[in-house]
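Order of the sequence lines sets the chain letters (A, B, ...), proteins ahead of strands, with each chain counted from 1.
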Number of protein chains: 2
Amino acid sequence: MKLTEPEWLIMNLLWEKHPANARGIFERLPRRVSWAYTTVKTTLDRLVEKQAVQKKKDGNIGYYEPVLTRKQARSTAIKMLLNHAFDGAFGPMMHFLAEDENLSANQRKELIQILSEKNKSKGEKNGRTNK
Amino acid sequence: MKLTEPEWLIMNLLWEKHPANARGIFERLPRRVSWAYTTVKTTLDRLVEKQAVQKKKDGNIGYYEPVLTRKQARSTAIKMLLNHAFDGAFGPMMHFLAEDENLSANQRKELIQILSEKNKSKGEKNGRTNK
DNA sequence: TGACAACTGCTACATATGTAGTAGAATTCT
DNA sequence: AGAATTCTACTACATATGTAGCAGTTGTCA
């Protein structure tokens, strides 16, 4: 499920705290975002349409609940980036990222940690060369 | 500079081999993409408009040359992903990627390699904890 | 119990995207 | 040279996105 910019904004707020109503989300908009209340509504409606969010009613007030998980959304976003910007090749993308100058030495160490552990625990059960 | 899907497609072909004319690009479209010749043209025109590509004339035939580099494009794409999907935090994104179940043991090893070398070579000159 | 405020469903509208068609100029083939 | 082909510039048009307004309904508080 592909999300647009405003949709990510709303979803991020929803994932942080939910269920939530339009007003609540509206109030938690980052300072830099100065939308009309109705813009939040429209975005929420569209998210419901594409079933990323579920809407429930309590009285006549609608409450929203994420259906799409943050993990799923992130995964999809990365896959898309991977596909168009790196021809689907994971290796080169990681390369690119690993070489990013914004990655500090400490972050690299941390990453190495994660990766090594991952390899120890999941072991050899995963041998494919996902291209 | 944000690129759309068709734009990535064209840019990828252009980066691979350039200068190139519309016809040449048209012919190198991946098999799965069955566009009309004019669709390629329109996309190229739009890329010229947004100055990602430069157009030159040789007689009345136009040749296209990328202006935006692949690296710049990738960087921008990653920054955008980073910003909306990971709240701008590099660490968590790398975390997410490192934990991707589609990452094979070998890819992990490869990554560890890259990261270790990077740390050795660039050494401690980079100590910030970005974010 | 009326005046207001807040909600809700719908509509609006400009720009962006995805995809292609057309007409006329230039080139090429026979 | 006339026909067929290829280019180019321009236009078209449906759907998506970004952003918001409006009218009617409901809740709330003096």
Mind listing the side-chain donor-acceptor pairs of residues 9-34 of chain B below 3.5 Å, one per line with the distance, residues two or more places apart or on another chain?
from: B:Asn12; atom 1: OD1; to: B:Arg70; atom 2: NH1; distance (Å): 3.1
from: B:Asn12; atom 1: ND2; to: A:His84; atom 2: O; distance (Å): 3.0
from: B:Asn12; atom 1: ND2; to: B:Trp8; atom 2: O; distance (Å): 3.2
from: B:Trp15; atom 1: NE1; to: B:Leu68; atom 2: O; distance (Å): 3.0
from: B:His18; atom 1: ND1; to: B:Glu65; atom 2: OE2; distance (Å): 2.5
from: B:Asn21; atom 1: OD1; to: B:Arg23; atom 2: N; distance (Å): 3.4
from: B:Asn21; atom 1: OD1; to: B:Gly24; atom 2: N; distance (Å): 2.6
from: B:Arg28; atom 1: NH1; to: B:Leu13; atom 2: O; distance (Å): 3.2
from: B:Arg28; atom 1: NH2; to: B:Leu13; atom 2: O; distance (Å): 3.2
from: B:Arg28; atom 1: NH2; to: B:Lys17; atom 2: O; distance (Å): 3.4

Nearest-Å distance, CD (A:Glu5) to P (D:dT17)?
->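 A:Glu5 atom CD is separated from D:dT17 atom P by 12 Å.
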Round to the nearest Å and state the distance from A:Leu44 atom CG to C:dC10 atom P.
->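 So the CG-P distance, A:Leu44 to C:dC10, works out to 16 Å.
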Close N/O contacts between protein and nucleotides 22-25 of chain C (under 3.5 Å):
none

Name the nucleic acid region contacted by A:Glu7, choosing base, sugar-phosphate or nothing; use a 4.0 angstrom heavy-atom cut-off, strictly under.
->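 No contact.
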Hey, does the side chain of [X] come within less than 4.0 Å of [N]'s phosphate (OP1/OP2), counting only N and O?
| X | N | answer |
| --- | --- | --- |
| B:Tyr37 | D:dT8 | yes |
| B:Lys50 | C:dT15 | no |
| B:Thr39 | C:dA20 | yes |
| B:Thr4 | C:dG18 | yes |
| A:Lys2 | C:dT17 | no |
| A:Lys41 | C:dG9 | yes |

Hey, quick one: are A:Val48 and A:Met1 part of the same hydrophobic cluster, counting side-chain heavy atoms closer than 4.5 Å, chains of contacts allowed?
->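 A:Val48 clusters together with A:Met1.
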Pairing residues for B:Glu5 by the salt bridge (charged side-chain N to carboxylate O under 4.0 Å, His left out) criterion, not counting sequence neighbours |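 Checked B:Glu5 against salt bridge (charged side-chain N to carboxylate O under 4.0 Å, His left out); zero matches.
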Taking the side chain of A:Pro6 as its heavy atoms from C-beta onward, which of D:dT6, D:dT17, D:dG18 lies nearest to it?
->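 When the side chain of A:Pro6 is considered, D:dG18 is the closest of D:dT6, D:dT17, D:dG18.
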